[in-house]
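Please read the structure below before turning to the comments.
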Protein chains: 2
Amino acid sequence: MGTVTETMVAADAREETRARIEQAALDLFTAQGFEAVTIDEVADAAGISRRTFFRHCGTKADAVWGQFDGHVVRLEGMLAAAAADQPVLASVSAAYVEVNDYAEADLPMLRQRMRLILTEPALLAHSQVRYADVDRVVAAHVARRTGVAPDALVPRLVATSTRAAATTAFELWLADGRITLGAALHQAFDELAAGFPSLR
Amino acid sequence: MGTVTETMVAADAREETRARIEQAALDLFTAQGFEAVTIDEVADAAGISRRTFFRHCGTKADAVWGQFDGHVVRLEGMLAAAAADQPVLASVSAAYVEVNDYAEADLPMLRQRMRLILTEPALLAHSQVRYADVDRVVAAHVARRTGVAPDALVPRLVATSTRAAATTAFELWLADGRITLGAALHQAFDELAAGFPSLR
DNA sequence: CTTGCTCGTGGCACTGGGTGTCACCTACGG
DNA sequence: CCGTAGGTGACACCCAGTGCCACGAGCAAG
């Protein structure tokens, strides 16, 4: 099995390889479009074989999505740690804001990622599968806080509509270079939680 | 070109062939799962060639989705015809309810379709692409009514969250055999429009 | 130093979705 | 009777994704 140190090193090396693949993929996809680039081209650019690409990334879309699972886990942790006296919607909103609080240095790559995801149909489609995990986590939190089943209307509705708000905030942030991602998220969640006061 | 009558006949024949393909596909997918069935098997069951399948349906997912474009067009028409003094959210809600007002005889096939779409990951993914069209239509309506740009926050947010509500209503309707689709839609839209009163 | 094990890697073959192309056949109009 | 247009099937591709095997590097035990 190896010691803890060795395991860490191996995991780091694996992570580094994956990061190299993702960077190559992101650059190629951005330059030529997601569908126009083949896996062989990405693998060549990353200096690996086609077979190794799939071992690290699973699918073509995963090269863009990266380690999204980590986000879901962090979101789940934040929701579990939310204060019990905080309104449910506020806890969901705060968790979304916090999980999307990126360091300044990470923003360019995030922009590149999100632009691809929201622009390329194949990636947009794949997003639904990823979001399903997020929805399950949020719905479970709402269900726990309200004492109803996770597959009841309100938990599911809160999960899907808050995710819709988050996605919309991302779109706004991408399109409008001035607004902060956090500000966009706050704006969307406030509008949603208040029942769309702008429409009255 | 041919006369109007001839064109109609040709279109009808084409529509009938497509319906046969869709029915064969739906039955096979329901019985064995979406991924487990190949296009060749669907084509064989429909009595056509693999190539003809793609000419009629475009992609494997389209065989399940059917002529969804028609729904989007109808939704657009309803929104355009909505009374000007009706609140925006109410007009969107009413349009969703009306476009999903199926005849009793169509409900079994609708159940079959929606169960597949909401269950099979590949179809769920494809749904995002279809929903993007719906969102554009709704956002355009909200933008027209509120006098802001269609890609501003509120129109987009209304579009994505109302669609989230509709999807949630569909899930509820599928899971709970007793509730009407219309009732589920109303319940979801009411909850959304009021800012989730159940959570207070 | 050698043996044996593990693991990452590359190569290969195969399945399956989707597309372009061509040939055929049928139905219709002149 | 001929010409054409459109639906169809057959074939050859491309590409994503998977299973399998063989090779080589690194490490552990002898």
Side-chain angles (χ1 to χ4, degrees), chain A residues 1-22 24-25 28-29 32-65 116 120-127 129, chain B residues 1-22 24-25 28-29 32-65 116 120-127 129:
Chain A
M1 261 308 147
T3 68
V4 173
T5 314
E6 283 158 353
T7 307
M8 284 291 292
V9 170
D12 280 359
R14 182 180 176 79
E15 202 50 51
E16 192 261 331
T17 302
R18 180 176 175 131
R20 230 185 39 243
I21 299 176
E22 285 178 15
L28 282 173
F29 294 162
Q32 308 172 26
F34 182 73
E35 320 239 358
V37 179
T38 66
I39 303 285
D40 293 83
E41 293 172 316
V42 176
D44 283 354
I48 53 164
S49 79
R50 163 187 169 73
R51 195 65 187 83
T52 300
F53 170 91
F54 282 112
R55 264 194 273 268
H56 280 274
C57 286
T59 72
K60 197 178 178 184
D62 286 331
V64 178
W65 275 91
L116 280 170
E120 298 282 351
L123 289 170
L124 191 66
H126 188 75
S127 71
V129 179
Chain B
M1 262 303 149
T3 68
V4 173
T5 314
E6 286 157 350
T7 308
M8 283 292 290
V9 169
D12 280 359
R14 184 181 174 77
E15 201 50 51
E16 193 262 331
T17 302
R18 179 173 175 136
R20 230 182 41 242
I21 299 176
E22 286 178 14
L28 283 173
F29 293 162
Q32 308 172 27
F34 182 74
E35 319 240 358
V37 178
T38 66
I39 303 284
D40 294 84
E41 293 171 318
V42 176
D44 283 353
I48 52 162
S49 78
R50 164 186 166 77
R51 195 64 187 82
T52 300
F53 170 90
F54 282 111
R55 263 195 274 267
H56 280 273
C57 286
T59 71
K60 196 178 178 183
D62 286 331
V64 178
W65 275 91
L116 279 171
E120 298 281 349
L123 289 171
L124 191 66
H126 188 74
S127 70
V129 179

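Atom set for the values below is all heavy atoms of this structure, side chains included, hydrogens, waters and symmetry mates excluded. The shown structure was predicted, so the numbers you read here are calculated from the model rather than taken from an experiment. Chain letters run A, B, ... following the sequence lines, proteins first, then strands; residues in each count from 1.
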* Structure fact -> Heavy-atom nearest nucleotide on DNA chain C taken for A/Ile48 and for B/Gly58; more 5' hit belongs to A/Ile48

* **Nearest atoms (heavy-atom pairs only) where B/Trp65 meets B/Leu123** => NE1-O, 4.0 Å

* Asked: Which whole-number value in Å describes the distance from A/Lys60 NZ to D/dT18 C1'?
  -> 17 Å

* Calculate the interatomic distance between A/Ile39 atom CD1 and D/dC14 atom P; express it in whole Å. => 17 Å

* Check A/Ala122 against A/Phe34 and note the closest heavy-atom contact, atom names and distance. => CB-CE2, 3.7 Å

* Which nucleotide in the list C/dG18, C/dT9, D/dG17 gets nearest to the side chain of A/Arg50? -> D/dG17

* To do: Mind calculating the distance between NE2 (B/His126) and C1' (C/dG18) to the nearest angstrom?
  => 13 Å

* Structure fact -> Among the nucleotides C/dG10, D/dG17, C/dG16, whichever has the atom closest to the side chain of A/Phe54 is D/dG17

* Check whether the side chain of A/Arg51 and the base of C/dG8 form a donor-acceptor pair under 3.5 Å. => no

* Out of D/dC15, C/dG11, D/dG17, whichever nucleotide has its closest atom nearest the side chain of A/Thr59 -> D/dG17

Using a cutoff of under 3.5 Å, can you pull out all pairs of nitrogen or oxygen atoms linking the protein to nucleotides 24-26 of chain D, with atom names and distances?
none

* Measure from the side chain of A/Thr17, starting at C-beta and using heavy atoms only, and say which of D/dC15, C/dT9, D/dG9 lies closest. => C/dT9

* Rounded distance (Å) that lies between atom P of D/dA16 and atom CG of A/Asp62 -> 14 Å

* To do: Report the distance from atom CZ of B/Phe29 to atom P of C/dG16, rounded to the nearest whole Å.
  => 13 Å

* Structure fact -> Of C/dC12, C/dT9, D/dG9, the nucleotide closest to the side chain of B/Arg55 is D/dG9

* Rounded to the Å, how far apart are A/Asp40 CG and D/dG17 P? -> 12 Å

* Phosphate OP1/OP2 of D/dA10 contacted by B/Ser49 side-chain N/O (<4.0 Å) -> no

* To the nearest Å, give me how far apart CZ (B/Phe53) and C1' (C/dG18) are. => 11 Å

* Asked: With a 4.0 Å cut-off on heavy atoms, is A/Val37 in touch with a base, just the backbone sugar-phosphate, or nothing at all?
  -> sugar-phosphate

* To do: Using whole Å, report how far CD of B/Glu15 lies from P of D/dG7.
  => 13 Å

* To do: Return no unless some side-chain N or O of A/His56 is found under 4.0 Å from OP1 or OP2 of C/dG8.
  => no

